[in-house]
Peer 1: 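Sending over a structure as structure tokens; questions will come in a sec.
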Amino acid sequence: MLKSHNCGQLREEHINQTVTLAGWVNRRRDMGGVIFIDLRDRDGITQVVINAGHSQATFDTAEQIRNEYVLQIKGTVGRRPEGQENAEMTTGDIEVTADEVTILNKAKTPPFAINRDHNVDETVRLKYRYLDLRRQKMQSNLIIRHKAIKFIRDFLDERGFIEIETPILFKSTPEGARDYLVPSRVQPGKFYALPQSPQQLKQLLMVAGYERYFQIARCFRDEDLRADRQPEFTQLDMEISFVERDDILNLIEELMKGMIKTASRLPLAWDEFPRLSYHEAMERFGSDKPDLRFGLELTDLSDIAAESGFKVFTDTVKAGNPVKAICVPGAASYSRKQIDDLEAIAKANGAKGMPWIMLKQEGGVKGFISKFFSDEQMNAIIERMDAKAGDLLLFASDSKWVVYAALGALRTEMGTRLGLKDTGTLGFCWIVDFPLFEENLENGFYAPSHHMFTAPKPDHIPMLDSDPASVLSDQYDLACNGFEVAGGSIRIHERGLQRKIMELIGFSIEEAKEQFGHLLEAFEYGAPPHGGIAPGIDRLVALMAGEPNIREVMAFPKTAQATDLMSESPSFVAQQQWDDLHIQPAKAM
RNA sequence: GGGGGCGUGGUGUAGUGGUUAACACGCCGGCCUGUCAAGCCGGAGAUCGCGGGUUCGAUACCCGUCGCUCCCGCCA
């Protein structure tokens with residue numbers, strides 16, 4: 001090795017030892033006759049001292065050194081002079097006096113500062129990702145990620161899980177997200193697909209008798225990107241045989257707690273993860289991934305609104321839809337502009353408008369809908385919402401989905417604006433008892449709300465015949481701070497039930513055989529009851545690192561346009577490559 | 001597919017319908033033997049993303065376009 005110690009390693013106990021360090025120049029301070037170099041490697045930073053009186057050749061070399069040069073330093077560890085210690089540095093009590101300085105490599109001045117944590121345009125960061133990743137913050141993020149994954153592997157190994165790799169080249173299915181396709185060279189006209197998740201394969205591993213499987217699995221979805229969505233991302237994919245829902249919830253809860261204790265920058269907001277039904281989450285928070293770190297809950301006012309003189313509300317309730325509101329404390333002083341901003345959020349989420357009522361500090365109410373309510377009705381609203389003078393009430397009346405979306409978005413926005421979220425903590429909750437089917441029929445058939453292998457709750461199975469729309473499933477999600485961080489379900493392992501579900505969703509035997517034939521056939525050879533879950537590693541690590549998007553915890557992420565600014569991919573390919581793959585462009589490019 | 005925001009020396013920002021586009025950091029040179037965001041002195045560095053329009057005059061206003069970003073749709 002070109003070094004004997006790491007740069008974060010040396011302490012008082014090493015004093016008088018001769019050491020060799022190697023790393024990058026974090027900063028150079030040239031005092032004329034003495035030069036200080038902060039030498040940085042992944043482990044930390046050590047101050048190196050180069051004295052003019054010590055060795056002229058070494059000093060001459062040090063004069064030429066610039067930031068980010070790669071150096072090897074041979075020298076002696078010494079105690080810093082009295083009063084010169086740096087309490088900010090873990091190595092701040094010592095320094096290395098250089099006997100020899102070797103420039104292992106020079107470096108151009110980087111396009112942005114490596115030695116400083118400051119905002120840099122993300123275009124530049126992504127183009128020079130290798131320099132961005134050199135920054136302490138990014139190294140720390142990737143180390144959190146490593147620790148999390150290491151914890152997961154150890155935790156699951158101790159509990160009898162085995163890690164099995166599944167193919168990246170697999171089969172396209174029209175269900176779900178858009179597939180990334182890979183044309184076959186040896187099978188003209190045919191395509192592989194990159195897996196959206198190893199869903200089918202892990203179920204087949206259950207049929208194969210592996211009982212407890214996991215994989216740190218790369219997944220691919222060709223959909224538009226978001227702060228928490230990349231075209232390729234990593235899931236902790238898991239499946240367990242002979243398992244019941246609560247076994248999985250309890251296991252994952254223990255795993256999350258251990259992982260956060262081991263790897264997370266932020267602590268848990270609370271120890272036990274609350275379990276909410278999907279219905280309760282939507283009604284109270286307008287989201288199936290609610291941020292429970294603050295209140296501002298949705299309140300149903302349909303009954304009072306139905307008696308009001310406001311036609312929009314009365315019509316809504318007559319149509320069987322809700323009128324709901326949230327109470328924003330202290331926001332009655334909001335300006336027209338601020339209200340307009342909030343209304344824009346409601347509209348962006350499908351609402352046609354955002355009626356509001358201000359409870360004036362000096363008493364009385366303001367807002368054009370207030371005149372449609374009697375004093376009695378207004379008091380009932382205020383009482384039910386536990387509102388006080390100075391508060392602002394924001395309403396939504398529409399289909400319940402629009403009401404959830406609009407008020408859910410407003411709730412999140414106001415939670416941020418008013419600083420109600422404890423942003424330094426992680427607030428987990430389980431969402432359970434999802435509907436088995438989407439509410440709206442598609443072409444006269446039900447659509448699965450998760451996927452077609454999700455099992456109904458056992459005591460709801462009879463309702464598949466009488467009232468399919470009301471059937472709840474053994475599907476569950478884990479949410480944290482308003483993000484979905486895991487989703488899973490107990491699967492259907494029994495053929496008759498699977499056939500019934502396929503009939504309800506209008507899936508013919510022929511279609512099923514075409515797409516899932518291997519899986520359905522496998523289920524006829526003794527499939528054990530099984531279920532699983534898939535936590536999203538990128539989202540969890542971003543949350544644990546306190547980062548606002550998952551690019552900050554991925555080494556080489558893509559832009560919102562799904563490009564890589566460093567390698568400039570995707571890229572055009574030679575005509576020969578098209579020919580080899582038996583494909584051609586749809587039009588001249 | 002739709003909507004919002006941003007784009008000014010290497011980096012981060014300021015700025016204005018009108019003379020030479022300002023500041024900090026960085027960079028280059030000089031001084032300096034105890035600094036640690038070193039300090040002091042001097043210097044270089046910007047066709048204000050690109051194209052078009054309005055105007056006597058555009059970095060600024062308008063349109064388009066490209067890039068980055070956030071959101072809706074989409075993501076079983």
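In the text below, chain A, chain B and the rest are named by the order of the sequence lines, each starting its count at 1. What you are looking at is a predicted structure, and each value in this text was computed from that prediction instead of being measured.
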Peer 1: If you measure from the Lys or Arg side-chain nitrogens to the Asp or Glu carboxylate oxygens, is any gap between A:Arg293 and A:Asp291 under 4.0 Å?
Peer 2: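 Yes, A:Arg293 and A:Asp291 are salt-bridged.
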
Peer 1: On a plain distance test, is the side chain of A:Arg66 in donor-acceptor contact with the base of B:rC28 below 3.5 Å?
Peer 2: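 Side chain to base: no pair below 3.5 Å.
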
Peer 1: Taking atom P of B:rC27 as reference, at what distance in whole Å does atom CD1 of A:Ile65 sit?
Peer 2: 14 Å

Peer 1: With a 4.0 Å limit, can you tell me whether A:Arg29 has a side-chain N or O closer than that to the phosphate oxygens OP1/OP2 of B:rG34?
Peer 2: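 No, because none of the side-chain N or O atoms of A:Arg29 sits under 4.0 Å from OP1 or OP2 of B:rG34.
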
Peer 1: Anything under 30° is parallel, anything over 60° is perpendicular, the rest tilted; go ahead and classify A:Phe516 against A:Phe453.
Peer 2: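 Because their plane-to-plane angle is over 60°, the rings of A:Phe516 and A:Phe453 count as perpendicular.
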
Peer 1: For nucleotides B:rU35 and B:rG39, find the distance between their C1' atoms and express it as a whole number of Å.
Peer 2: 10 Å

Peer 1: Does any N or O donor sit under 3.5 Å from an N or O acceptor when you compare the side chain of A:Asp121 with the base of B:rC68?
Peer 2: no

Peer 1: Looking at every strand, decide which applies to A:Pro448 at a 4.0 Å heavy-atom threshold: base, sugar-phosphate, or nothing.
Peer 2: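 Sugar-phosphate, backbone atoms only, no base.
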
Peer 1: Taking only side-chain N and O atoms of A:Gln84, does any of them lie within less than 4.0 angstrom of OP1 or OP2 on B:rU35?
Peer 2: yes

Peer 1: Round to a whole Å and report the spacing from CG of A:Asn119 to C1' of B:rA14.
Peer 2: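 It is 16 Å, rounded to the nearest whole Å.
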
Peer 1: Would you state whether a donor and an acceptor, one from the side chain of A:Glu95 and one from the base of B:rG34, lie under 3.5 Å apart?
Peer 2: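 Side chain to base: pair found, below 3.5 Å.
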
Peer 1: Relative to each other, are the rings of A:His5 and A:His14 parallel, tilted or perpendicular (30° and 60° limits)?
Peer 2: perpendicular

Peer 1: Any donor-acceptor pair under 3.5 Å between the side chain of A:Asn67 and the base of B:rG26?
Peer 2: no

Peer 1: Going by ring centres under 5.5 Å and near-parallel planes (under 30°), is A:Phe36 stacked on B:rU35?
Peer 2: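 Stacking is present between B:rU35 and A:Phe36, given that their ring centres fall under 5.5 Å apart and the planes under 30°.
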
Peer 1: Centre of A:Phe36's six-membered ring, under 6.0 Å away, within 45 degrees of the axis: is that where NZ or CZ of A:Arg27 sits?
Peer 2: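 No, A:Arg27 does not lie over the aromatic ring of A:Phe36.
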
Peer 1: For the pair made of CG in A:Leu565 and C1' in B:rC68, what is the distance, rounded to whole Å?
Peer 2: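 Taking atom C1' of B:rC68 as the reference, CG of A:Leu565 is at 8 Å.
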
Peer 1: Determine whether any donor atom in the side chain of A:Arg229 lies under 3.5 Å from an acceptor atom in the base of B:rC74, or the reverse, and answer yes or no.
Peer 2: yes

